[in-house]
Each structure stands twice: as structure tokens, then as C-alpha cells.
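Not measured: the values here are computed from a predicted model.
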Amino acid sequence: MPIAIVLALAASLGIHVAALFGPDIELFGGATDDSMVLHAELQAPPASPPPPEKKATVKPKAKPKAKPNPSPNPVPLMAGKPVQDAPVVQHADPAPPPVIDEAAKTESVALPEPTKPMLPANGVIRFSILMGSQGFPIGRAEHRWEFTEGGHYHLYGMTETSGLVALFKTLRFENESHGRLVAGGLQPERYLTRKNGKDANENADFDWPAAQVQLSRDGLVRQVAPGTQDILSLNYHLAYVPRPEYGASVGVVTGKKYERYALDSLGEEEIDTPAGRFRTLHLRAMTDSVTEIWLALDHYRLPVKIRFTDKKGDVFEQIATELGTP
């Protein structure tokens with residue numbers, strides 16, 4: 001393949017590629033819409049119509065002027081219904097952030113007791129990121145986890161461009177999830193993001209006694225359902241979901257919004273990866289895009305393959321290349 005074609009392909013990938021950690025996290029941002037083209041055509045102006053015939057006009061008698069009624073007070077315009085994500089107006093004495101009930105209204109819940117992890121105390125998975133049906137390599141990713149004796153966990157995720165794509169678009173996206181491990185699975189308390197070493201402002205703070213989460217992006221507070229995950233902890237929480245082969249419904253905070261993921265089970269599959277051959281359970285979540293995940297059933301239900309299909313139909317895959325310890 002001529003080098004010019006390779007460079008053009010890499011540049012195109014650098015503009016349009018997206019990350020696989022969830023439908024809401026884009027590595028490079030969406031492509032802009034095509035500009036609208038306006039067409040103009042010069043035409044001769046139409047012939048002027050003949051002037052109308054003059055007719056005698058009769059002036060009507062002037063009517064007595066009516067006394068004007070006193071002007072009523074101006075009626076204020078009625079405000080429309082507030083948009084759900086409308087900005088909060090700041091007053092001299094600011095009120096606490098409003099709560100947006102995007103799920104069924106949930107009462108305050110008591111924090112469950114910590115439990116022992118199903119995974120080893122610490123570990124790492126490394127991935128290769130591929131684009132399209134031909135599997136063009138565009139980047140790499142890494143997940144690390146650590147569970148403490150006190151019932152807390154720390155997850156770290158990193159995604160970065162590599163190879164030819166990195167020559168045109170160097171990007172490193174990092175996210176972290178901190179929280180507790182309880183009987184029902186992972187319970188995130190804080191989600192943090194960085195883009196090229198700087199705060200990406202797509203963070204989230206969970207308040208489980210109030211069943212709420214506050215997103216740094218808009219500062220609003222949203223009601224969340226029990227068992228809600230952030231986009232990173234979701235991958236490892238699935239190990240604790242009872243009978244995932246029948247599907248599940250999980251609340252997910254992406255850093256930009258909160259929504260429910262209906263996970264459909266597509267059955268067991270044997271897949272080959274650079275990290276080995278695995279017996280997996282194939283799950284799929286469909287929103288405005290499609291996220292699929294393959295859990296290694298004989299390896300703690302770890303995610304060994306993740307596929308993301310965006311709104312335009314472009315496909316990106318994360319394939320495990322290594323499972324082990326840091």
C-alpha cells in the first residue's frame with residue numbers, strides 16, 4: 001500500500017475514532033456535520049404590472065373619537081416548563097443543587113456491609129484497540145484493580161492512541177473509580193477523569209445514603225437506583241450480578257449523564273484473543289449506540305473483549321492481550 005494512502009487513512013482515523021469504555025466517552029470527539037450548501041440562480045425580474053386606473057374616492061365622514069380606556073397593567077409572559085437539565089440560576093444566597101429524578105424516586109438507603117472480593121487482591125488487563133472489520137490497530141488500553149482489606153476498591157483505566165494514529169492525534173484518557181465492595185457488588189463513591197493529564201471535568205460523586213450522584217459537568221444532582229455503577233466499575237461489577245445469562249438492568253453514570261442499561265444476554269461463546277482462548281458470556285447494551293462485552297466465565301468474569309458501535313455504525317473493539325498482576 002503506498003505510504004500516502006497509509007498516512008491519509010491514519011489521519012482519517014485520528015479524526016473519527018472513538019473510545020470503547022462506554023457510549024459516552026469519545027477519544028477524539030465527533031466529526032462535524034457537513035456544511036450546508038446554498039444554491040443561487042439569477043433570473044430576470046418579472047415585468048412590472050400596468051398602473052391601476054384612478055377612481056374617484058369619497059372621503060368617509062370622520063367618526064367621533066372614543067375615549068380611551070385606561071391601559072391595564074402589563075401581563076407578564078408565562079414561563080414555560082423548566083427543561084430538565086436547565087442551568088441553575090445563582091442567587092446571593094445560593095440554594096443547594098437541584099435534584100433531578102431521572103429514575104424512580106428512591107428513598108434513602110443504609111450502606112451495606114463490605115464483603116470479600118471475587119477477584120484477586122490486585123491485577124491488570126491489557127488490551128489492543130482495533131477499528132473496523134479489518135481490525136486496524138489504533139491504540140491500547142489498560143485496566144488495573146486493587147481491593148483492600150477494609151472493603152474498599154480502586155480501579156484505574158487508561159486508553160491512548162498508538163502507531164500511525166498517534167502521529168496525527170496523540171491522546172491519553174484516564175479514569176478512576178473509588179468505592180466500596182459490598183454484598184451486591186461494587187459501590188462507587190467517586191469517579192474521576194483526565195484527558196492528556198488534565199482534569200476532563202467528567203467526574204461524579206455518589207451519595208449513597210441519599211441515593212444521589214452529582215456530576216461535575218453541570219453541577220446538578222440526580223437520583224440514582226441501587227446498584228448504579230460508573231462506566232469503569234461496570235466492567236467489574238458484572239462479576240457480582242446474579243445469573244447474568246438471563247440479562248440484567250444496571251444504572252450507569254458516564255461522567256456526562258446517568259441512564260439505565262438493559263443488558264441482553266446473547267449466550268455463551270468461545271473466543272480467541274492474544275491473551276488466550278476463553279469461554280465467555282456475551283452481553284449487549286443498546287442505547288443510541290451499542291456496547292457489547294464478553295465476560296470470561298472461568299476467569300472471574302473478567303472482560304476480555306469489548307465492542308463499541310457508534311451512531312454512524314463505526315465499530316471499535318478492545319481485545320485482551322494480557323491478564324495478570326501488575
(message) Can you confirm whether I319 sits close enough to L130 that some side-chain heavy atom of one is under 4.5 Å from a side-chain heavy atom of the other?
(response) yes

(request) Inspect the contact between E146 and R144 and indicate whether a charged nitrogen and a carboxylate oxygen are less than 4.0 angstrom apart. (result) no

(message) Would you say that W294 contacts L281 through its side chain, given a criterion of any heavy-atom pair below 4.5 Å between the two side chains?
(response) no

(message) Ignoring hydrogens, what is the shortest heavy-atom contact between W145 and P120? Give both atom names and the distance.
(response) NE1-O, 3.1 Å

(request) Would you check if the distance from the ring center of H143 to the ring center of Y236 is below 6.0 Å? (result) yes

(request) Answer yes or no: is there an ion pair linking E270 with R279, defined by an N-O contact shorter than 4.0 Å? (result) no

(message) Grouping I, L, V, M, F, W and Y whenever their side-chain heavy atoms are under 4.5 Å apart, do L238 and M118 come out in a common cluster?
(response) yes

(request) Would you please test E176 and H154 for side-chain contact (heavy atoms from CB on, under 4.5 Å) and show each step? (result) CA-CA 7 Å; E176 294 184 56; H154 173 217; 2.7 Å; yes

(message) With heavy-atom distances below 4.5 Å as the criterion, would you say the side chains of R260 and V252 are in contact?
(response) no

(request) Please report the C-alpha distance between K195 and L171 in whole Å, then the side-chain angles of each, then the deciding distance to 0.1 Å, and finally whether the side-chain contact (heavy atoms from CB on, under 4.5 Å) criterion is met. (result) CA-CA 7 Å; K195 186 175 180 180; L171 189 139; 3.4 Å; yes

(message) Holding to ring-ring contact (aromatic ring centres under 6.0 Å, His included), I want the full list of residues that pass it with F278, two or more places apart in sequence or in another chain.
(response) H299

(message) Donor-acceptor check, side chain of T321 to backbone of R126, threshold 3.5 angstrom: yes or no?
(response) yes

(request) Working to the nearest 0.5 Å, report the span between OG1 of T280 and CD1 of I271. (result) 4.5 Å

(message) Would you say S216 and N201 are linked by a side-chain donor-acceptor pair, where the criterion is simply a distance under 3.5 Å?
(response) yes

(message) Can you give me the closest heavy-atom contact between A285 and Y261, atom names plus distance?
(response) CB-CD2, 4.0 Å

(request) Identify the two heavy atoms, one from L323 and one from L302, that lie closest to each other, and give their separation to 0.1 Å. (result) CD2-CD1, 3.9 Å

(message) Keeping R301 on the side-chain end and V241 on the backbone end, is there a donor-acceptor pair under 3.5 Å?
(response) yes

(message) Testing the basics here: between T254 and Y191, what is the closest heavy-atom pair and its distance to 0.1 Å?
(response) O-CE2, 3.9 Å

(request) Check whether any side-chain heavy atom of K305 lies under 4.5 Å from a side-chain heavy atom of Q318, and answer yes or no. (result) no

(message) I'd like to know whether H282 forms a side-chain hydrogen bond (donor to acceptor under 3.5 Å, both in side chains) with E292, so could you lay out the CA-CA distance, the side-chain angles of the two residues, the decisive distance to 0.1 Å, and finally the verdict.
(response) CA-CA 7 Å; H282 183 183; E292 299 170 81; 2.8 Å; yes

(message) Could you report the tightest heavy-atom contact between A296 and V304, atom names first, then the distance?
(response) CB-CG1, 3.9 Å

(request) Could you verify whether a donor N or O on one side chain and an acceptor N or O on the other, from S177 and D230, lie under 3.5 Å apart? (result) yes

(message) Is the shortest side-chain heavy-atom distance between V213 and F206 below 4.5 Å?
(response) yes

(message) Let me confirm one number: the CG-CD1 distance from L234 to I293, rounded to the nearest 0.5 Å.
(response) 6.5 Å

(message) Within this structure, what is the CD1-OG1 distance for the pair I306 and T291, rounded to the nearest 0.5 Å?
(response) 9.0 Å

(message) Exactly one of Q214, Q212, R190 should register a side-chain hydrogen bond (donor to acceptor under 3.5 Å, both in side chains) with D205. Which one does?
(response) R190

(request) Taking the side chain as every heavy atom from C-beta outward, state whether E322 and I125 have any atom pair closer than 4.5 Å. (result) no

(message) Please say yes or no: joined through hydrophobic side-chain contacts below 4.5 Å, possibly via intermediate residues, are L192 and F173 part of one cluster?
(response) no

(message) Closer than 3.5 angstrom, by distance alone: can the side chain of S265 be matched with the main-chain N or O of G247 as a donor-acceptor pair?
(response) no

(message) When you compare the side chains of E174 and Y156, does any donor N or O come within less than 3.5 Å of an acceptor on the partner?
(response) yes

(request) Could you pull out the closest heavy-atom pair between F308 and S289, with the gap in Å? (result) CE1-OG, 3.4 Å

(request) Would you confirm whether S233, through its side chain, and P188, through its main-chain N or O, come within 3.5 Å as a donor-acceptor pair? (result) no

(request) To the nearest 0.5 Å, tell me how far L215 CG sits from R222 CZ. (result) 5.0 Å

(message) Can a donor-acceptor pair be found, under 3.5 Å and without considering hydrogens, that links the side chain of D314 to the backbone of G132?
(response) no

(request) Give a yes or no answer on whether the side chain of T148 reaches the backbone of H152 with a donor-acceptor pair at less than 3.5 Å. (result) yes

(message) Tell me whether T170 contacts the main-chain N or O of A166 through its side chain, where contact means a donor paired with an acceptor under 3.5 Å.
(response) yes

(message) Once rounded to the nearest 0.5 Å, what's the spacing between atom CD1 of I129 and atom OG1 of T159?
(response) 5.0 Å

(request) Could you grab the distance from atom CG of L266 to atom CD of E245, nearest 0.5 Å is fine? (result) 13.0 Å

(message) My understanding is that only residues two or more places apart in sequence, or in another chain, count here; which of them pass salt bridge (Lys or Arg N to Asp or Glu O under 4.0 Å) with D199?
(response) none

(message) Looking at R217 and E202, is any side-chain nitrogen of the basic one under 4.0 Å from a carboxylate oxygen of the acidic one?
(response) yes

(request) Please confirm whether the backbone N or O of L186 pairs with a side-chain atom of Q229, one donor and one acceptor, at under 3.5 Å? (result) yes

(message) Between Q223 (side chain only) and A210 (backbone N and O only), is there a donor and an acceptor less than 3.5 Å apart?
(response) yes

(request) Check whether any side-chain heavy atom of T228 sits under 4.5 Å from a side-chain heavy atom of V253, and report yes or no. (result) yes

(message) In the structure I gave you, are the side-chain heavy atoms of E268 and L297 within less than 4.5 Å of one another anywhere?
(response) yes

(message) For the residue pair R140 / S162, report whether a side-chain donor-acceptor contact shorter than 3.5 Å exists.
(response) no

